[in-house]
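To start, the structure itself, in structure tokens.
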Number of protein chains: 2
Amino acid sequence: MLKNRNGGLSMAEALSERKQQILRAVVINYVKSAEPVGSRTVSRSHRMGISSATIRNEMADLEEMGYLVQPHTSAGRIPTQLGYRYYVDNLMDLDDLSADDELAISSFLSAEKMREIEKIINNSARVLSSATNQTSLIMGPQFRKSAFHQLRILPLDEKRSLVVLITDTGFIKNKVIDTQHQLSQAELHQVVTYLNQKLYGLTIDQVTTSLINELKRDLFKRLEILEQAFILLEESLKEEKQIRVFLGGTTNILNQPEFKDVDKIRRMLNLFEQEPLLFQILEDTSSEDDIVVSIGAENKYEDIKECTLITGTYKIHDKTLGTVGVLGPTRMDYSRVISVMRRLVDYLNQSLSS
Amino acid sequence: MLKNRNGGLSMAEALSERKQQILRAVVINYVKSAEPVGSRTVSRSHRMGISSATIRNEMADLEEMGYLVQPHTSAGRIPTQLGYRYYVDNLMDLDDLSADDELAISSFLSAEKMREIEKIINNSARVLSSATNQTSLIMGPQFRKSAFHQLRILPLDEKRSLVVLITDTGFIKNKVIDTQHQLSQAELHQVVTYLNQKLYGLTIDQVTTSLINELKRDLFKRLEILEQAFILLEESLKEEKQIRVFLGGTTNILNQPEFKDVDKIRRMLNLFEQEPLLFQILEDTSSEDDIVVSIGAENKYEDIKECTLITGTYKIHDKTLGTVGVLGPTRMDYSRVISVMRRLVDYLNQSLSS
DNA sequence: TTTAGCACTCTGAGGTTTAGAGTGCTAAAG
DNA sequence: CTTTAGCACTCTAAACCTCAGAGTGCTAAA
């Protein structure tokens, strides 16, 4: 079951079977055509044995209830956000992916061994955007949720050493530090062993500044040399709070008729340039264990209140490390996007854990 | 002196002093207003003691010579690419930067120590785009032009080792490799020493596949273990051919009236999504030792034939490692962009070499 | 309760009009 | 020979108008 923005399942309100069918028809047609849907169209297209006049009446009801609106008198109806919500929660059935889609998704992974995690993510963004015709956002794996595994210090020359930090999820982070004094092998070994003991298994998030200070105190009694080694740790905390967000198909929004206004385009692209903000949005919207659909004003962030954001998460060794998202106008093919995303996340989980 | 796209200095053609002034006035006005410039405007704005009728005559001449065009009969003139070229080569005097600009450029560097090279580049892209109101492109430092400095191998556990490659420009590249057999310290040391001897001082570009194979042959006589260590080297060659290109101010093109057409915007944004292509363009356009101005059709690449690309290069320890560029419509404030870029490159050189 | 019929409404595409900016040319003035 | 004033002409772009078409709501009959 899909969760909505508030985390709960929305109540299935009392809508007669027929009203549901009509609402469904309107949503489906409008998503396809981007034009207001008239009663004629509904009565024909989904060949429910009912005249347009009857449908007009039902539509008027649905409008009163808040599921549909008319852009102007004497135009067809379009779904409101509430209408989409109802559709997503109650009326939508998920597409099976076409063979083509399956192929597109699976082939991008098998294309030679993609060892580099950045490449996997980047390609995923591409596939996701082209399969959905929307803009896709994918958060890179979050270092800070990984667990500390090993610390190594490797002297380079008299003045510099290389500190290497390895996590259980296979991240490697390194940094050259200045070491004023020459370090003896023995001293080094001692320090490194100590640190590894203390830190093993903690997630990077758990390595707080206070813990670092504590360790420092312990060690300084013995050695005053490693000041800089800690900088790596501390910076890991700060810098890695903000992870790269990979975008795919930013130009896709230009195909959407709701973005024919240059000013809207500008605002959107502006948003895309602000990585930290995108990160925030993804982080706040997503939920660990399911796909979340956040429609229009359900989004917290002003800039995307006319959009729908659909998010999912991927895991490495069962640890949730990143978020994938699809962003587009509220008029989007919900079932397709959700299906594609579900499949993509599956693939990602598989291939990242190996 | 600025070089034009063809590398040579363009000849100062015979243009009377007065024609030069008029051309100059048209360019300056048009850059500012984006509207065709009429004879009245010229005669007033630059208060040369000459009537509009005379200027009309001169303008007709300039049009015949190919420096100006009219969008339609009975409109003012706008500069042709040739006109811009002449302006850039002969008429333009470089702005002094305002105190504000100086501040903007210098402050982004001093903002806490920016150790991470990525951050420096990223910020530079930002400053450059906001100071010029155009889109900026900055190529990250090119690993492959750096010289090999040191190779280290660091055993992690029974099965895996970490290979670390360090260049003279301070790059560190690492990779976990699988080592089927346990390696003894002595063996390792032997191999590493050998490799370091052989490779020291070569640029990554010079480490060809054939050289690697040669080394392999030498070593395989002694050890069969390090197959994977070479993968790092080989992949360095391939993968790093394509370097990240950082963009700044992509939304700025939306402010340019020449991009009010959604279709042009699409093509432009599409280009921005293709990192390898951007890389190519920057690489091909730039010249090692000066700022290059490539106007309109002077660009090789179809997509930017209506644009001007201005590029410069930055160095680390006197080695040219990356390119910065500003891309916009041919109607751009050349002198400003060039001045800003010149200053930025200076700052970059300074701060990267320390 | 459903449906056919009809009067009514609103949009958006296409056509027309018109003010304004700017030109080229001519003929007079310097 | 060069410069300039004057004028007829041209072209654009904004403003306005028109009208077919799509779709509605309501009424009255089935």
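Note that the structure is a prediction, hence the values are computed from the model and not measured. In what follows, chains carry the letters A, B, and so on, assigned in the order in which the sequence lines appear, proteins first and then strands, with residues in each chain numbered from 1.
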Donor-acceptor contact below 3.5 Å, side chain A/S335 vs main chain A/M92: no
Return yes if some donor-acceptor pair links the side-chain N/O of B/Q70 with the main-chain N/O of B/A75 below 3.5 Å, else return no. yes
Pairing residues for [X] by the salt bridge (charged side-chain N to carboxylate O under 4.0 Å, His left out) criterion, not counting sequence neighbours:
| X | answer |
| --- | --- |
| A/R266 | A/D263 |
| B/E102 | B/R343 |
| A/K305 | none |
| B/D333 | none |

Of B/E58 and B/P71, the one whose closest nucleotide on DNA chain D sits nearer the 5' end is B/E58
What residues in residues 33-43 of chain B put a non-hydrogen atom under 4.0 Å from any atom of DNA chain D? none
Pairs involving residues 19-39 of chain B, ordered by first then second residue, that meet salt bridge (charged side-chain N to carboxylate O under 4.0 Å, His left out) (sequence neighbours left out): B/K19-B/E58, B/K19-B/D61, B/R24-B/D93
Send over the distance from [X] [atom1] to [N] [atom2], rounded to a whole Å.
| X | N | atom1 | atom2 | value |
| --- | --- | --- | --- | --- |
| B/Q70 | C/dA21 | CD | P | 17 Å |
| A/N57 | C/dT1 | CG | P | 11 Å |
| A/I78 | C/dT11 | CD1 | P | 13 Å |
| B/M59 | C/dA21 | CE | C1' | 13 Å |

Partners meeting side chain to side chain contact (heavy atoms under 4.5 Å, CB included) with [X] (sequence neighbours left out):
| X | value |
| --- | --- |
| A/K260 | none |
| B/D100 | B/S98 |
| A/T250 | A/T135, A/L247, A/F272, B/E273 |
| A/R331 | A/Y30, A/V31, A/A34, A/Y84, A/Q256, A/P257, A/E258 |

Can you give me the first and the last nucleotide of DNA chain D (5' to 3') that has an atom within less than 4.0 angstrom of a non-hydrogen atom in chain B? D/dT3 to D/dT12
So, is A/T73 close to the C/dC10 phosphate, meaning a side-chain N or O under 4.0 Å from OP1 or OP2? yes
Here's a test of your reading of the structure: between B/A53 and B/G76, which maps to the more 5' nucleotide of DNA chain C? B/G76
Please convert DNA chain D into dot-bracket. A pair counts if it is Watson-Crick or G-U wobble with both distances under 3.5 Å; crossing pairs go in [ ] and bases paired with another strand get |. ||||||||||||||||||||||||||||||
